[in-house]
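Just so it is clear, the structure is predicted and the values come from calculations on it, not from any experiment. Labels below follow one simple rule: chain letters A, B, ... track the order of the sequence lines, proteins then strands, and each chain is numbered from 1.
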Amino acid sequence: MISLTPNSLAALVESALSTRSSFLGRAVHAQIIKTLNNPLPSFLSNHLVNMYSKLDLPISAQLVLSLTPSRSVVTWTALIAGSVQNGRFASALLQFSNMLRERIQPNDFTFPCAFKASASLRMPAIGKQVHALAVKDGQIRDVFVGCSAFDMYCKTGLRDEARILFDEMPEKNIVTWNAYMSNAVLDGQPRNAVKAFIEFLRVDGKPDSITFCAFLNACSDALYLEPGRQLHGFIIRSGFLADVSASNGLIDFYGKCRDVGSSEMVFDRMCQRNDVSWCSMVTAHLQNYEEEKACMVFLQAREEGVEPTDYMISSVLSACAGLSGLELGRSVHALAVKACVEGNVFVGSAIVDMYGKCGSIHDAEQAFYEMPERNLITWNAMIGGYAHQGHADMALAFLQDMTSGSDDVVPNYVTLVCVLSACSRAGAVEMGLEIFESMRARFGIEPGVEHYACIVDLLGRSGMVERAYEFLTKVRIRPTIAIWGALLGACRMYGKPELGKIAADNLFELDPKDSGNHVVLSNLFAAAGMWEEATLVRKEMKHVGIKKGVGCSWISVKNGVHVFQAKDTSHERNSEIQAMLYKLRKEMKEAGYVPDTDFALYDLEEEEKISEVWYHSEKIALAYGLITIPPGVPIRITKNLRICGDCHSAIKFISGIVGREITVRDNNRFHRFRDGQCSCRDYW
DNA sequence: CTAGGGTTAG
């Protein structure tokens, strides 16, 4: 039988903490009560309070503290530190004031906790009070205390106070410099962070991985690719490449600076990777629009048995949203539930966003209502989902609800972009204009280029093409690609070649590499019978060496994705596809379908034009879907270009003939076809 | 026995 001395019992409490076992902790606590008489030695009480508080068992921690008559600053600090560590910042401040009420002086361990809690709660008024206390007994001169006070002033936006404190610090260490650099980046002053790093090296400071990450953040913030590369060399030379955090910082930096190849190189050469490394690699792909690769890295991480974290899950959901990958998205949603992170507000918002972007608006709504906590991003994701569907009424209702509900959120720039684009897609012209006119007064938001683009789109789409042009010439901003693009699209839709030429010329100047604009202009001329001009545009396109981007449609069947181009006959089941197309064409003709050859690209004989539009990629993908997807299951097709008018009307007919639900997500919005009708009510 | 700066996300 080993004898249980107070010291060995304290060691047992510590081992409960280090193994994060509340079960062991409670058992040891029971043993302590059995072995020793009340009151317990105060150092043992301190250990217990510390253990309970750090394990996020605040009620037990409070209880032990209140049963400790000889509690000291150490007891209280243990309690407060645990609250801070577990994100209970308001409790921490309450405990701090309770301690003051007992006339116990905070020490150099207590102040940093109190500053961190005030900083995290963004409560400068409280922070200032704590600061005054620290000044009064001279503790502010301590590096720990001074540094955390400085961090608090930065995070609460009191720049002048932060500056004074920093300049008057009697002693600075690496933590001070790291805090300075990180906060400079957060404050949008990456140059200052870089300067601080140089100064730090000059005073002979030895940087650590946190310093490196702060510097890399400054570089990615300002797109300083070269300085970041130089730091990469410095990291290698100082032997810090083995440090996982430093390497993770490099992956993130290269990803944000559009050099995802270097991210991959760093990632591949790491001998130790953690969950952050994997997640950083996923987001590096994501930031470079490589959604498929992001998903591949995620699947590889799963194979290697990496724990799925809330960060990883929200990142992968965003990849699914970009791919319109409903099936993978659903399985990641299930994984989020399994990993117990679906209550996280980031994850929840990503789920709402994913379902919205994949066109499953009811799933998005359900996820939205089931979230325990919602913020502005959640609301924007939901409104964005309605915008994708062209549900202006719902977008407007949610704009109302977000300000009047219990979530306490205020609409921002993005919210208004979503609402206006919902109006434009639904043809709610008056409503859209009214919101645009009143956004400054009602929401305090200054209209920006995206809002202007929505209005040009709104007017143009509803046929007021001249008014759209007049609008954009009157506003003070420089029209962007999106704005000219919206105008060009409207000109194509309503047959306005003269205005279309103006829009296209501006687009050619802003975005010379995009072939799509040439194609649209050529089609616009072709539809107006101006064949010479159409040919000229195509020749010019060849002349400057732009090839038409490949238009394609894809459909996922039993975990496999099948991609089709126009006139595609390369699929292994081509003969069945052709037979299905033949059968459909016959039945459609009987049902009264007339091909719309406005959308043929060349000046061909009528018969050839019909054939040209008949073999658009979405029709081929649909035929494949009809022969492979069992009846009753909705067919979902994704297309990288806008759906053409002929395909739109053809798919309406087909949905009626075959009695199935068909969804097409083009690069702009969703179309849900059912019983011969489309959810967009032919307005798009 | 108690403490400060940080890497990944919607």
Side-chain angles (χ1 to χ4, degrees), chain A residues 7 10-11 13-14 17 41-51 53-54 72-82 84-85 106-116 119 142-152 154-155 173-183 185-186 208-217 243-253 255-256 274-284 286-287 309-319 321 341 344-354 374-381 384 414:
Chain A
N7 276 336
V13 175
E14 284 308 303
L17 178 55
S42 62
F43 84 97
L44 251 184
S45 296
N46 295 346
H47 273 291
L48 283 168
V49 171
N50 187 39
M51 182 268 297
S53 191
K54 293 263 165 66
S72 67
V73 62
V74 176
T75 328
W76 279 103
T77 306
L79 181 72
I80 296 165
V84 170
Q85 251 183 38
N107 67 8
D108 50 345
F109 284 61
T110 331
F111 278 119
C113 298
F115 282 126
K116 186 171 179 180
D142 178 85
V143 223
F144 269 61
V145 176
C147 181
S148 46
F150 167 73
D151 190 56
M152 180 277 296
C154 291
K155 295 219 159 54
N173 63 12
I174 182 168
V175 179
T176 325
W177 286 100
N178 288 348
Y180 180 89
M181 288 173 64
S182 312
N183 283 302
V185 177
L186 290 177
D208 63 6
S209 62
I210 297 175
T211 325
F212 293 138
C213 286
F215 184 88
L216 288 168
N217 277 335
D243 185 292
V244 184
S245 304
S247 292
N248 292 349
L250 283 168
I251 294 171
D252 179 58
F253 156 74
K256 288 192 172 123
N274 62 12
D275 52 328
V276 179
S277 324
W278 285 94
C279 186
S280 301
M281 201 54 241
V282 168
T283 57
L286 217 48
Q287 274 150 0
T309 61
D310 43 357
Y311 281 89
M312 178 61 110
I313 291 193
S314 50
S315 307
V316 175
L317 283 167
S318 142
V341 295
N344 175 295
V345 65
F346 277 86
V347 172
S349 303
I351 290 170
V352 172
D353 185 56
M354 181 275 292
R374 287 176 283 267
N375 63 17
L376 178 60
I377 308 292
T378 325
W379 283 86
N380 286 352
V414 177

Rounded to whole Å, how long is the line connecting atom [atom1] of [X] with atom [atom2] of [N]?
X: A:Asn46; N: B:dT2; atom1: CG; atom2: C1'; result: 8 Å
X: A:Asp275; N: B:dA9; atom1: CG; atom2: C1'; result: 13 Å
X: A:Asn107; N: B:dC1; atom1: CG; atom2: P; result: 14 Å
X: A:Met281; N: B:dT8; atom1: CE; atom2: P; result: 15 Å
X: A:Leu44; N: B:dT2; atom1: CG; atom2: P; result: 13 Å
X: A:Phe144; N: B:dT2; atom1: CZ; atom2: C1'; result: 11 Å
X: A:Met312; N: B:dG10; atom1: CE; atom2: P; result: 13 Å
X: A:Met152; N: B:dG4; atom1: CE; atom2: C1'; result: 13 Å

Counting heavy atoms from C-beta on, name the nucleotide in [options] closest to the side chain of [X].
X: A:Phe109; options: B:dT7, B:dG4, B:dA3; value: B:dA3
X: A:Phe346; options: B:dG10, B:dA3, B:dT7; value: B:dG10
X: A:Thr283; options: B:dG10, B:dA9, B:dG6; value: B:dA9
X: A:Asp252; options: B:dT8, B:dG4, B:dG6; value: B:dT8
X: A:Ile377; options: B:dT8, B:dG4, B:dG10; value: B:dG10
X: A:Pro112; options: B:dA3, B:dT2, B:dG10; value: B:dA3
X: A:Ala81; options: B:dG4, B:dT2, B:dT7; value: B:dT2
X: A:His47; options: B:dA9, B:dA3, B:dC1; value: B:dC1
X: A:Lys155; options: B:dA3, B:dG6, B:dA9; value: B:dG6

Base, sugar-phosphate, or nothing for [X], non-hydrogen atoms under 4.0 angstrom?
X: A:Asp208; value: base
X: A:Ile313; value: nothing
X: A:Ser209; value: base
X: A:Ala381; value: nothing
X: A:Val282; value: nothing
X: A:Asn50; value: sugar-phosphate
X: A:Asn375; value: base

Quick one: does [X] reach the base of [N] with a side-chain donor-acceptor pair under 3.5 Å?
X: A:Ser349; N: B:dG10; answer: yes
X: A:Asn344; N: B:dG10; answer: no
X: A:Asn173; N: B:dG4; answer: yes
X: A:Ser245; N: B:dG6; answer: yes
X: A:Ser314; N: B:dA9; answer: yes

For A:Ser349 and A:Ala381, which heavy atoms make the closest approach, and how far apart are they?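 Looking at all heavy atoms of both residues, the closest pair is O-CB, 4.0 Å.
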So, for A:Ala119 and A:Met152, which heavy atoms are closest and what is the spacing to 0.1 Å?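 Minimum heavy-atom separation between A:Ala119 and A:Met152: CB-CA, 3.7 Å.
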Do A:Ser245 and A:Asn248 meet the criterion of a side-chain donor-acceptor pair at a distance under 3.5 Å?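 No pair is found: no donor N or O on one side chain lies under 3.5 Å from an acceptor on the other.
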In Å and rounded to the nearest 0.5 Å, what is the CG to CD distance from A:Asn50 to A:Glu14?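 A:Asn50 atom CG to A:Glu14 atom CD measures 6.0 Å (nearest 0.5 Å).
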OP1 or OP2 of [N] versus the side-chain N and O atoms of [X]: is any pair under 4.0 Å?
X: A:Lys54; N: B:dA3; result: yes
X: A:Lys256; N: B:dT7; result: no
X: A:Asn217; N: B:dG6; result: no
X: A:Gln287; N: B:dA9; result: yes

Donor-acceptor contacts, no H, no angles, side chain residues 73-80 of chain A, under 3.5 Å, sequence neighbours left out:
unit_1	atom_1	unit_2	atom_2	d
A:Thr75	OG1	A:Asn46	OD1	2.7
A:Thr75	OG1	A:Ser72	N	2.9
A:Thr75	OG1	A:Ser72	O	3.4
A:Thr75	OG1	A:Ser72	OG	3.4
A:Trp76	NE1	A:Glu102	OE1	3.4
A:Thr77	OG1	A:Val73	O	2.6
A:Thr77	OG1	A:Thr110	OG1	3.0

Counting only N and O atoms by type, is there a donor-acceptor contact under 3.5 Å from the side chain of A:Ser314 to the main-chain atoms of A:Tyr311?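 Judged by distance alone, yes, a pair lies under 3.5 Å.
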Are any side-chain N or O atoms of A:Thr378 and backbone N or O atoms of A:Asn375, one a donor and one an acceptor, separated by less than 3.5 Å?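 Checked: pair present.
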Less than 5.5 Å between centroids and less than 30° between ring planes, does A:Phe43 satisfy that with B:dC1?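 No, A:Phe43 does not stack on the base of B:dC1, since the centre distance and plane angle fail the 5.5 Å and 30° test.
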Test of understanding: with ring pair (Phe, Tyr, Trp, His ring centres under 6.0 Å), list the residues that count as partners of A:Phe253, not counting sequence neighbours.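 Residues passing ring pair (Phe, Tyr, Trp, His ring centres under 6.0 Å) with A:Phe253: none at all.
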